[in-house]
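Note that the structure is predicted; figures quoted are calculated from it, not measured. Labels below follow one simple rule: chain letters A, B, ... track the order of the sequence lines, proteins then strands, and each chain is numbered from 1.
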Protein chains: 2
Amino acid sequence: MSGPTIYDVARSAGVATSTVSRAFTNPARVGEATRTRVLEVARELGYEPNPHARALTSNRTQTVAMVVSDITNPHFFELIRGAEMRAKAAEYTLVLVNAEESPRIEQEQIRRVARSVDGFLLAASRQPDADLAELAASRPVVLINRQVRGVPSVVVEHSEGCRQMVAHLASLGHTSLVYLAGPRNSWMAGSRWAAIRAAATELGVTAHRSGPYAPTVSSGGAAADAAIGTGASAIIAHNDLLAIGVLRRLAQRSVRVPDDVSVVGFDDIFAADLCTPALTTLGGPHEQVGRAAVEILLDSLTTRQDRRPALHVAPPSQLVIRDSTGTPLGAAPQRQGGAG
Amino acid sequence: MSGPTIYDVARSAGVATSTVSRAFTNPARVGEATRTRVLEVARELGYEPNPHARALTSNRTQTVAMVVSDITNPHFFELIRGAEMRAKAAEYTLVLVNAEESPRIEQEQIRRVARSVDGFLLAASRQPDADLAELAASRPVVLINRQVRGVPSVVVEHSEGCRQMVAHLASLGHTSLVYLAGPRNSWMAGSRWAAIRAAATELGVTAHRSGPYAPTVSSGGAAADAAIGTGASAIIAHNDLLAIGVLRRLAQRSVRVPDDVSVVGFDDIFAADLCTPALTTLGGPHEQVGRAAVEILLDSLTTRQDRRPALHVAPPSQLVIRDSTGTPLGAAPQRQGGAG
DNA sequence: TCAAGGGTGACAACCGGTTGCCAAGGGTTG
DNA sequence: CAACCCTTGGCAACCGGTTGTCACCCTTGA
């Protein structure tokens, strides 16, 4: 039915099955000549180790799972790509898991695949800290764009990026801005707002927050309306999708960007460069983040579990200035001062 | 170490392990009362079947692999999303595999995961027909946007779509067009060209072909230059990425779209609606295609292998008319008549 | 009351590797 | 030449389920 087994190889090579097994998994444990011969025979026979049989005793599956909060979000594509490539280079397989923006589904799915994978990459997890810490205690985990004490993570550096973003707006003459927040349980949303607020205070800019909003184009309508209501001349959207939705709504309402209001996003997705006006956004080396996360995860698979450092890698974000930010012309729409 | 096994459950429930196993996998084979009790005990103990142990004998992994020609291409995202969701609904896990536009890598990767998955979804496979037929003979396979005799597939209906596209251009007054072809080993590229040419002939439009080009934005520059060289007033790009690259190059060269030349793409990716001018494109229900493909694959996993129909599902494509197509103004750029 | 038969559950072999432990063989040293 | 050590290979138990086969028990009908 399916290919040859170590038994076939052992018979052909005239050795014991244990020797064949060791020739593959523990080269030091078997003589050079024997090993060469075994590998030779294996190649001739077209032998491929059965991953399940292997996993059964060794508990190694050569597979890692990447859980993303929403597979729909183009932001993750680069992340996925980076992770996939790094995994492939290490001869690991990547399993893609969609959490559909639900902590419950996220947890269910993690349980479902837990036995089949060696570790988890959790991108923008929506689960509470405690649950993540617990999971990390039992299985190798690397968080992406999420930080939990004691759990290794890769987070795009964004506090300096947020500062640059606010400084950019301030330098254009904006004195008030509104942050359209992402989902309530998004760590990034909280973290960004903190950074934005700090930078705003430092630079003498008024900052409001509105939301939470789903990080999707379709949420942009409501978000835009709320933003205009605040009277701010600059809008910082939680991500590019939301920003694009905002741009659409503003165009509908004949609010000019950037003349009447400036708009910025986060992530620098492919579409940010294509929309009209092209979106100013805080991008990051997402593909590299995906790579790095896999790397750390693979490391922690080989390191003794008890004492491995919980490192937090933070590659720099980059402010990409395009056409959606500019000097606020004349009287910015200070229609009213209500908060979001 | 890791959770309870059927042995624990069997002991707690006072039955044999085989009974526990059957309670899960073959409910009819065990008494109703016993079964209830076993499941009850299993739940209490937090028992989860070990997928590898299960796979070892049963050869069922509850996992399917989706191989895409290039994970970078946003076109696949909807496909992936649809497939992922359908798989999840059936309690299957989706493994994502990237072929990097290389038939060799594609085959290698397939071999690598072959033992770990129940079947394959091959999206836009770049492998020769013979190899696909061979693979399909040994393992359940569903092709996506690729057609091979005897292998089940889901292909977005495009010949009628191409006709509509050409008819649309003709009705605007275009009398010559150029097709910027996709990769040489892309089945879609060949198939689309055939449909376009047929429609062009039928409608009295001159059709040229140029290429092949990589289906990426960065290939758009060379493609645009070649297209202009043909003197055609309408450009049909192999996909939206290429079309967007063409639009960029045309803008650089101050060729107006659609006044000087019309541009259309394929796939209707998210960005097609955002670029300037917004791209006319032949879209398809990609998410639904992903779903359907998984469905067929799952079917074929349960059906007896020998006689299962090699069905070819073809959901309709849809011409989305935006701003990149229009009436050719004045003298179209008939600078020269050379072919591509 | 007894035999036949269907429904249930147990036994045990097996899937294909991994790995602890032991033994044999060869080389080295005193 | 003997004692010893180290390298290398084999034996066999085990990982956690699945499944063919068989025995048993209870029901049903004669």
Side-chain angles (χ1 to χ4, degrees), chain A residues 1-42 45-63 112-118 301-302, chain B residues 1-42 45-63 112-118 301-302:
Chain A
M1 172 106 213
S2 38
T5 70
I6 50 169
Y7 297 95
D8 302 317
V9 176
R11 197 174 335 111
S12 283
V15 296
T17 60
S18 51
T19 303
V20 177
S21 175
R22 289 197 181 100
F24 279 93
T25 58
N26 194 357
R29 189 62 184 68
V30 65
E32 186 50 36
T34 315
R35 176 156 171 271
T36 313
R37 185 156 43 89
V38 167
L39 295 185
E40 169 71 12
V41 170
L45 263 48
Y47 165 76
E48 298 261 346
N50 180 320
H52 300 294
R54 179 171 277 184
L56 196 50
T57 45
S58 68
N59 274 320
R60 301 301 231 62
T61 62
Q62 295 284 107
T63 298
R112 237 179 63 63
V113 301
R115 303 290 273 269
S116 326
V117 304
D118 291 340
L301 292 180
T302 50
Chain B
M1 170 105 211
S2 40
T5 70
I6 50 170
Y7 296 96
D8 303 317
V9 176
R11 195 173 338 109
S12 283
V15 297
T17 61
S18 52
T19 304
V20 177
S21 174
R22 290 202 176 94
F24 280 93
T25 58
N26 194 356
R29 190 61 185 66
V30 64
E32 185 51 34
T34 315
R35 174 154 172 274
T36 313
R37 186 156 44 87
V38 168
L39 295 185
E40 169 71 13
V41 170
L45 263 47
Y47 166 76
E48 297 260 347
N50 181 321
H52 298 113
R54 182 172 275 183
L56 197 50
T57 44
S58 68
N59 273 322
R60 301 300 231 63
T61 63
Q62 295 284 108
T63 298
R112 236 180 64 61
V113 300
R115 304 287 275 269
S116 327
V117 303
D118 291 340
L301 293 179
T302 51

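Straight-line distance from the CD1 atom of A/Ile6 to the P atom of D/dC11: 13 Å, rounded to whole Å. In this structure, B/Arg22 places its CZ atom 14 Å from P of D/dC22, rounding to the nearest Å. Going from atom CZ of B/Arg115 over to atom C1' of C/dG17 covers 11 Å, rounded to whole Å. For the pair B/Arg37 CZ and C/dT8 P, the computed distance is 14 Å after rounding to whole Å. Between A/Arg60 atom CZ and D/dC15 atom P the separation is 19 Å, expressed in whole Å. Distance CG (B/Asn50) to C1' (C/dG17): 14 Å, rounded to an integer number of Å. Across the protein-nucleic acid pair, B/Gln62 atom CD and D/dT18 atom C1' stand 14 Å apart, rounded to whole Å. Rounded to a whole Å, the OH atom of A/Tyr7 is 12 Å from the P atom of D/dC11.
Atoms OG1 and CD, from A/Thr34 and A/Glu32 in turn, are 9.0 Å apart once rounded to the nearest 0.5 Å.
Interface residues of residues 24-33 of chain A facing DNA chain C, ordered by number: A/Thr25, A/Arg29; criterion, heavy-atom separation under 4.0 Å.
You'll find a donor-acceptor pair under 3.5 Å spanning the side chain of B/Ser18 and the base of C/dC11, going by distance alone.
Of the listed residues (A/Leu39, A/Leu45, A/Val15), just one forms a side-chain contact (heavy atoms from CB on, under 4.5 Å) with A/Val9, and that residue is A/Leu45.
Distance from the side chain of B/Ser58 is smallest to D/dT19 among D/dG9, D/dG17, D/dT19. Counting only heavy atoms from C-beta on, A/Thr19 has its side chain closest to D/dG10 among D/dG17, D/dG10, C/dG17. The nucleotide whose nearest atom lies closest to any side-chain atom of A/Leu56 is, among C/dT19, D/dG17, C/dG16, C/dG16.
Under a 3.5 Å cut-off, the side chain of A/His52 and the backbone N or O of B/Arg115 do form a donor-acceptor pair. Side chain of B/Thr61 to main chain of B/Ser116: a donor-acceptor pair is present (N/O by atom type, distance under 3.5 Å, no hydrogens or angles).
With sequence neighbours excluded, the residues satisfying side-chain contact (heavy atoms from CB on, under 4.5 Å) with B/Arg112 are A/Glu91, A/Thr93, B/Gln109.
Contact check, A/Tyr47 against C/dG17: a side-chain N or O comes under 4.0 Å of OP1 or OP2. Taking only side-chain nitrogens and oxygens, A/Ser21 never comes nearer than 4.0 Å to OP1 or OP2 of C/dG17.
Among residue pairs with one or both ends in residues 11-21 of chain A, those qualifying as side-chain hydrogen bond (donor to acceptor under 3.5 Å, both in side chains) are A/Asp8-A/Arg11; sequence neighbours excluded.
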Checklist entry - Where do B/Val41 and B/Val20 land on the side-chain contact (heavy atoms from CB on, under 4.5 Å) test, with the steps shown first? => result CA-CA 10 Å; B/Val41 170; B/Val20 177; over 6 Å; no
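Of the two residues near DNA chain C, A/Val20 and B/Thr57, the one whose nearest nucleotide lies more 5' is B/Thr57.
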